[in-house]
Amino acid sequence: MIVLDSVVKTSTKGKKKSDVLSLVNLMIPTNRAIALLGPSDEDKRKLIEVLAGVALVNSGRVIRNAKVSFPVGAIPAFDKKLTIRANVGHVAQLYGLDAGLIIEFVRRVIDIGPRFEGRVEMLSPIEQKALMQIISLSIPFDTYLLLGHKIEPLKGCRELFEARQRTAGMIIPIKDSNFAIENCDMALVLFNGRLELLDSVEEGLSILSALTKKVKN
Amino acid sequence: MSFITEVTTVGHSMRRYFQVMTTLFRTEAVRRIQHPREAVLSVLEPVFLIASIGLIYWLTDRHKSGVSGSPALFYASGLYAKYYFVNLGQVMEKSARIRRFPVEQWLDHIFIQAVLKFVDYLILGVFLVLAMLPVIGPQAIPYDFVPIFQAMGLLTMLGFGWGVLVVALKQGLGVPGIVFNTINRILILLSGALFVIDFMPPDVRYWLCLNPATHAIILFRQGVYPNYPSLSLDMPYLITWSISAVVVGFVLERAMRRQIENK
């Protein structure tokens, strides 16, 4: 369970301030596949970062009673001067895992041959993103926080994602309603600073649609 | 107050913290071994200055420094201590720019970088002693290591506070970096690294002694020279400033945490 206790999170773009979360009190289960719905991609990203612990809130508390991943697919934490092996080992050890096992696992999944011994910057942007997704998904968290529902088209990535879907919770920012209905069983609707948890994706989509219509009118 | 918490025991938290710190330290050490250029460049400026001053004295056939003994030793002892303080401050800023996973904090990186900078300067110190030994003889070896390590410890505390203050002013108020680089270079000239404070006129000495780093350099040189003039050394003043720098540093780190973490 992730508990949001009177959480306020604002976002500043230039001189404009907007509320991402406005005094939110919510308990989010960490063993379900939850579609994160909302009109603003930036706000959904900020929420994922708050839940992951990458971004701090302005006030309130975020209490995590489960092992929550860092945002899956976030590249910036790579040290590009180190080899891929060293980066993977670093992440594994940070999270208290056997570095050798994780390195070997990631090496098999990403399947880039001898380039695995080279530096991260030698990979293409797609391969770097895939590598970060694979590293994130190779660590056994209780719930995974994805930055988007697009999993890189490398074969190992997709298989790993599907394997984790079966055993762990996920919170996925989604625009594609069909993907949300097929892959998720709950919905989080983020709209104008309000965050609501719904028991089904269909309910979430209809509430989002109603809120959007209300604002337009 | 806002923070992110995981419900866990104290023992678990301590073990986790130790594991994170060990990992960060190991990875940073590996990075330095694989890419030593940055670590070497950071100690090159004082080495270059010391070598240049020594060369100038040798070419001009001058063999006296502010105190008896080799001019190279005199300038090396002052510049070594002063540059340690300057580089430590820069380390704070570098730590703020390191991108992190959620389990890491800015303070973790500050601590790691400070420890490694201390190791860099230990190695530099050994290098300087070994380089000067064949030239000036046994006086290259410090007379008493206790004041030297005391000075390094107090300079570490001062450097931490100064470095975090610089980060706060740069990121909070947008003060350009060149301002602090200039201030650092001016303070090198005004901290007694290149002359003996006790030999200055009283009114000049008064103003120079307002700088706490001046006292740290006098303390450092007490370990190099058995009879270094140290009437100006005010240990309570130095210790008060060092502790205050640490307190201010922690307060600013807490205040800046959201800004740093959300970048």
Side-chain angles (χ1 to χ4, degrees), chain A residues 1-12 20-21 46 49-71 74-83 85-97 99 119 132 135-136 139 141-142 145, chain B residues 1-9 11-39 94-109 112-113 171-172 174 253-263:
Chain A
M1 192 74 75
I2 301 173
V3 179
L4 300 175
D5 178 14
S6 304
V7 168
V8 174
K9 173 71 180 166
T10 55
S11 147
T12 312
V20 176
L21 298 169
K46 286 257 181 272
E49 288 175 354
V50 163
L51 295 177
V54 173
L56 296 181
V57 297
N58 294 77
S59 67
R61 298 192 303 167
V62 179
I63 302 169
R64 293 178 294 166
N65 294 331
K67 287 185 202 166
V68 178
S69 78
F70 43 89
I75 290 176
F78 271 148
D79 188 334
K80 294 199 174 181
K81 286 190 175 166
L82 292 181
T83 61
R85 174 182 286 273
N87 271 291
V88 175
H90 173 74
V91 179
Q93 285 166 350
L94 263 186
Y95 285 90
L97 300 170
R119 294 210 294 242
M132 205 60 221
I135 293 174
S136 316
I139 296 173
F141 293 109
D142 294 328
L145 303 171
Chain B
M1 180 150 127
S2 81
F3 50 91
I4 292 174
T5 60
E6 259 186 62
V7 177
T8 186
T9 62
H12 174 80
S13 298
M14 294 299 292
R15 272 196 304 276
R16 180 100 180 265
Y17 180 71
F18 180 73
Q19 163 205 311
V20 168
M21 293 301 282
T22 315
T23 305
L24 293 179
F25 188 83
R26 195 181 295 133
T27 304
E28 184 60 29
V30 164
R31 207 165 73 79
R32 277 156 165 260
I33 290 166
Q34 290 181 0
H35 303 276
R37 193 176 67 162
E38 203 181 302
K94 181 191 166 188
S95 307
R97 284 186 269 117
I98 295 174
R99 285 166 164 159
R100 295 178 290 279
F101 289 90
V103 290
E104 306 165 41
Q105 305 288 331
W106 181 24
L107 262 184
D108 300 337
H109 285 275
I112 298 289
Q113 295 292 332
Q171 299 206 359
E253 186 275 334
R254 186 65 185 87
M256 297 290 302
R257 194 179 290 178
R258 184 178 300 113
Q259 213 161 338
I260 302 287
E261 302 284 357
N262 287 350
K263 270 198 182 288

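Chain naming here is simple, since letters A, B, ... match the order of the sequence lines and numbering starts at 1 in each.
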(request) Determine the minimum heavy-atom distance between Q19(B) and L94(A), stating which atoms define it. (result) NE2-O, 2.8 Å

(request) Give, for atom OG1 of T27(B) and atom CG of D79(A), the distance between the pair rounded to the nearest 0.5 Å. (result) 8.5 Å

(request) Just jot down the side-chain hydrogen bond (donor to acceptor under 3.5 Å, both in side chains) partners of R15(B), sequence neighbours excluded, or say none. (result) none

(request) Pick one of side chain, backbone, both or neither for V3(A), based on which atoms fall under 4.5 Å of a heavy atom in chain B. (result) neither

(request) Check side-chain hydrogen bond (donor to acceptor under 3.5 Å, both in side chains) between T83(A) and all other residues, then give those that pass, not counting sequence neighbours. (result) none

(request) Check T23(B) against H90(A) and note the closest heavy-atom contact, atom names and distance. (result) CG2-O, 3.4 Å

(message) So, taking the atom named CD in Q34(B) and the one named CZ in R119(A), what distance separates them when rounded to the nearest 0.5 Å?
(response) 9.0 Å

